[in-house]
Enquirer: 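Starting off with a structure, shown below.
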Amino acid sequence: GDGYARSILEQAGGHLAVAIGAAISLVNPDRVVVGGSVWNGSKTLRDSFLERLPQSGVAGAIARARVVGATMGDDAGVLGAALLATAAAT
């Protein structure tokens with residue numbers, strides 16, 4: 001681990017926590033599914049995100065929302081787009 005690269009990933013995780021924390025505060029979901037490189041690509045990024053999320057929005061909404069990893073991995077976005085296209089075509 002390069003220290004500078006690690007600090008960039010930690011900052012990115014913090015910024016992502018602020019953005020997702022704001023969305024959780026607005027929408028108040030039961031679950032937030034995170035996938036791709038955020039969840040699977042970097043332990044540093046994921047740990048920073050999870051560490052900073054509790055301070056990044058309305059406390060009740062943040063505490064209530066379960067953050068889970070996408071079960072379809074990096075293909076989730078492609079599969080979702082295919083489902084939307086299929087639904088729109090029928």
Side-chain angles (χ1 to χ4, degrees):
D2 182 299
Y4 181 69
R6 183 177 194 78
S7 72
I8 295 297
L9 289 170
E10 288 172 349
Q11 287 178 357
H15 293 306
L16 186 62
V18 169
I20 292 180
I24 291 171
S25 297
L26 288 170
V27 180
N28 198 23
D30 292 327
R31 182 176 309 165
V32 175
V33 180
V34 183
S37 61
V38 172
W39 201 256
N40 301 319
S42 168
K43 183 176 179 343
T44 301
L45 179 67
R46 183 180 63 229
D47 289 349
S48 175
F49 164 69
L50 291 172
E51 178 184 322
R52 293 190 175 112
L53 184 61
Q55 299 88 32
S56 299
V58 175
I62 298 288
R64 186 171 161 268
R66 262 185 65 221
V67 177
V68 297
T71 58
M72 295 185 183
D74 294 341
D75 294 332
V78 174
L79 292 171
L83 286 171
L84 284 173
T86 301
T90 58

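Note that the numbering runs from 1 along the sequence shown for the chain.
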Enquirer: Could you go through L9 and Y4, starting from their C-alpha distance and side-chain angles, then the distance that decides it, and tell me whether this counts as side-chain contact (heavy atoms from CB on, under 4.5 Å)?
Expert: CA-CA 9 Å; L9 289 170; Y4 181 69; over 6 Å; no

Enquirer: So do the side chains of V67 and F49 get within less than 4.5 Å of each other, counting heavy atoms only?
Expert: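 Side chain of V67 against side chain of F49, heavy atoms only: contact under 4.5 Å found.
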
Enquirer: Can L16 be reached from L50 by stepping across I, L, V, M, F, W or Y side chains whose heavy atoms are under 4.5 Å apart?
Expert: yes

Enquirer: Do S56 and I20 make a side-chain contact, defined as non-hydrogen atoms from C-beta onward lying under 4.5 Å apart?
Expert: no

Enquirer: For the CG atom of L79 and the CG atom of L84, what is their distance to the nearest 0.5 Å?
Expert: 11.0 Å

Enquirer: Which heavy-atom pair separates N28 from A61 by the least distance, and what is that distance?
Expert: OD1-CB, 3.5 Å

Enquirer: So, the side chain of S48 versus the backbone of T44: is there a donor-acceptor pair under 3.5 Å, distance only?
Expert: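 Side chain of S48 to backbone of T44, a donor-acceptor pair under 3.5 Å: no, none is there.
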
Enquirer: Mark yes or no for whether R66, through its side chain, and R31, through its backbone, hold a donor-acceptor pair below 3.5 Å.
Expert: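 Such a contact is absent between R66 side chain and R31 backbone.
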
Enquirer: Can you name the nearest heavy-atom pair linking V32 to A65, along with the distance?
Expert: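 Looks like CG2-CB, 4.3 Å.
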
Enquirer: Which atoms form the tightest heavy-atom contact between I62 and L53, and what is the distance?
Expert: CG2-O, 3.6 Å

Enquirer: Looking only at heavy atoms, which two atoms of V58 and S25 are closest? And how far apart?
Expert: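 Between these two residues, the closest heavy atoms are N-OG, 2.7 Å.
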
Enquirer: Got a second to check how far K43's NZ is from R6's CZ, nearest 0.5 Å?
Expert: 8.5 Å

Enquirer: Is it true that D30 and R64 have a side-chain N and a carboxylate O under 4.0 angstrom from each other?
Expert: yes

Enquirer: Give the minimum heavy-atom separation between R52 and E10, together with the two atoms involved.
Expert: NH1-O, 2.7 Å

